[in-house]
Novice: 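This is the structure, below, for whatever I ask next.
Counting convention: from 1, in listed order, for ligands and their atoms alike. One-based numbering along the sequence shown.
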Amino acid sequence: MSTQSIPLAGVVGDPIAHSKSPRLHGHWLKRYGIEGQYVPLHVPESDLETVIRALPKMGFVGINVTIPHKISVMSLADQVSDRAILIGAANTLTFRPDGKILADNTDGHGFMANLKDHAPEWDPKSGPVAVFGAGGAARAVIVALADAGVPEIFLSNRTRPKAEALKAEFGTRVQVVDWVQAGNMLEDAKAVVNTTSLGMVGKLELRVPLDGMKEGTIVNDLVYTPLETPLLKYAKDNGCLAVDGLGMLLHQAAPGFERWFGQTPTVDDELRRVVLG
Ligand code: ATR
């Protein structure tokens, strides 16, 4: 019998029951024949530090971090990646054998990899991108877009000062557009991204007039419940390339899996089916 312990990983959040990560990582573990486990961990904020400090001692090699802990975990890490610092949040922790905790944010990677999969022709440098929303998800998207060389990012948010704050932080490539005029920013956009929760099951629809969008525009919704949001349906019906948000979830998981279990996982249709259940 091997004396080596079985590597454990998981996702820490509150609530956590809805998380698709256990199914996703569980599928990869099975596919690659890795003797490991990935579990959902329901941890309230008050217990976060105690739990995270204990996990490596229990055989955990890393965790994903979700709402509401993405910001607070950064202060528990010994090393925080540049990307996570820029975004201001971490979603992936790695517990090193020497006891150090590394924090990273792979959301931007997930976002770009999903677009590369479903809109391979898109050249980020070819023109402006319009972004709805200025919350946590928007930060990861803006950092990724700027990193990829997008020349101009139009940003519109219901609460305008939050968009202004992102412009102040991320620079002159970000142009703030008032929420009531958000439809105007679509005309010149090569790609459009919804980072708000509008369109999600149980939430309101995105009410921005979409008729300015040109045929061929790439339209990506980070919302993936439902898979086809009203925004994506409109895009599809009007000659645009609709990219759903599930791929971002799948791709953001890959770097953690690779670091913890030593295997680069593949994101494919089979994984999509498994995660959708
Ligand atoms: P996340 O981390 O998923 O980005 P968040 O930080 O709570 O979540 O951000 C939610 C985003 O959805 C914000 O841009 C929010 O706009 P406000 O900054 O004005 O709150 C946007 N959003 C949520 N509900 C909205 C609504 N009913 N109308 C317009 N925007 C909405």
Novice: Quick check on contacts: which atoms of ligand 1 are under 4.0 angstrom from a heavy atom of S197?
Specialist: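 Within the 4.0 Å cut-off of S197, ligand 1 contributes 12 (O), 23 (C), 24 (N).
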Novice: Between D104 and R259, does at least one N-O distance fall below 4.0 Å, as a salt bridge requires?
Specialist: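 Yes, D104 and R259 are salt-bridged.
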Novice: For ligand 1, which atoms sit closer than 4.0 Å to a heavy atom of K162?
Specialist: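 This gives 17 (P), 18 (O), 20 (O) as the contact atoms.
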Novice: Which residue holds the protein heavy atom closest to atom 15 (C) of ligand 1, what is that atom called, and what is the gap in Å?
Specialist: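 Sorting protein heavy atoms by distance from atom 15 (C) of ligand 1 puts N157 OD1, 4.0 Å first.
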Novice: Please say whether A137 places an N or O atom under 3.5 Å from an N or O atom belonging to ligand 1.
Specialist: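 Yes.
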Novice: Can you confirm whether more than 12 heavy atoms, excluding those of E228, are under 6.0 Å from its CD atom?
Specialist: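 Correct, the count exceeds 12.
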Novice: So which heavy atom on G199 is nearest to which on T229, and how close?
Specialist: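 Here G199 and T229 meet closest at O-CG2, 4.0 Å.
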Novice: Working note: K100 + D98, criterion salt bridge (Lys or Arg N to Asp or Glu O under 4.0 Å); need CA distance, chi angles, decisive distance, verdict.
Specialist: CA-CA 6 Å; K100 296 256 189 292; D98 65 2; 5.2 Å; no
Novice: Measure L198 to ligand 1 on non-hydrogen atoms and call it side chain, backbone, both or neither using the 4.0 Å cut-off.
Specialist: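 Within the 4.0 Å criterion, L198 contacts ligand 1 through side-chain atoms alone.
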Novice: Would T196 count as a polar contact of ligand 1, with the cut-off being nitrogen or oxygen pairs under 3.5 Å?
Specialist: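 N/O-N/O distance below 3.5 Å does not exist for this pair.
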Novice: Evaluate W179 for polar contact with ligand 1, using N/O atom pairs at a separation under 3.5 Å.
Specialist: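 No, there is no polar N/O contact under 3.5 Å.
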Novice: Heavy atoms only: give me the nearest G277-R23 pair and the separation to one decimal.
Specialist: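 That closest heavy-atom pairing would be CA-NH1, 3.0 Å.
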Novice: Looking only at heavy atoms, which two atoms of R272 and G247 are closest? And how far apart?
Specialist: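 Taking R272 first and G247 second, the nearest heavy atoms are NH1-N, 4.1 Å.
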Novice: Does any N or O atom in G133 lie less than 3.5 angstrom from one in ligand 1, N or O only?
Specialist: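 N/O-N/O distance under 3.5 Å: no.
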Novice: Using the six-membered ring wherever Trp is involved, compare the ring planes of H25 and W28 and label them parallel, tilted or perpendicular (cut-offs 30° and 60°).
Specialist: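 Aromatic pair H25/W28 classed perpendicular.
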Novice: Is there a protein heavy atom at a distance of less than 4.0 Å from atom 10 (C) of ligand 1?
Specialist: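 Not a single protein heavy atom is under 4.0 Å away.
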Novice: Find all atoms of ligand 1 within a distance of less than 4.0 Å from any non-hydrogen atom belonging to A134, and give their numbers and elements.
Specialist: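 The atoms of ligand 1 under 4.0 Å from a heavy atom of A134 are 14 (O).
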Novice: Checking side-chain polar atoms at under 3.5 Å, does S21 have a donor or acceptor matched by the opposite partner on N64?
Specialist: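 No, no side-chain donor-acceptor contact under 3.5 Å.
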Novice: Should we say atom CD1 of I71 is surrounded by more than 12 heavy atoms from elsewhere, each under 6.0 Å from it?
Specialist: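 No.
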Novice: Counting only heavy atoms closer than 4.0 Å, does ligand 1 sit against the backbone of T159, its side chain, both, or neither?
Specialist: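 Both backbone and side chain of T159 come within 4.0 Å of ligand 1.
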Novice: Tell me: protein heavy atom nearest atom 26 (C) of ligand 1, and distance?
Specialist: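 Result: R158 NH1, 3.2 Å.
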Novice: Can you tell me which residue and heavy atom of the protein come closest to atom 5 (P) of ligand 1, and the distance to 0.1 Å?
Specialist: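 Checked against all protein heavy atoms, atom 5 (P) of ligand 1 sits closest to G135 CA, 4.0 Å.
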Novice: Can you find a protein heavy atom closer to atom 7 (O) of ligand 1 than 4.0 Å?
Specialist: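 No; the ligand atom in question lacks any protein heavy-atom contact below 4.0 Å.
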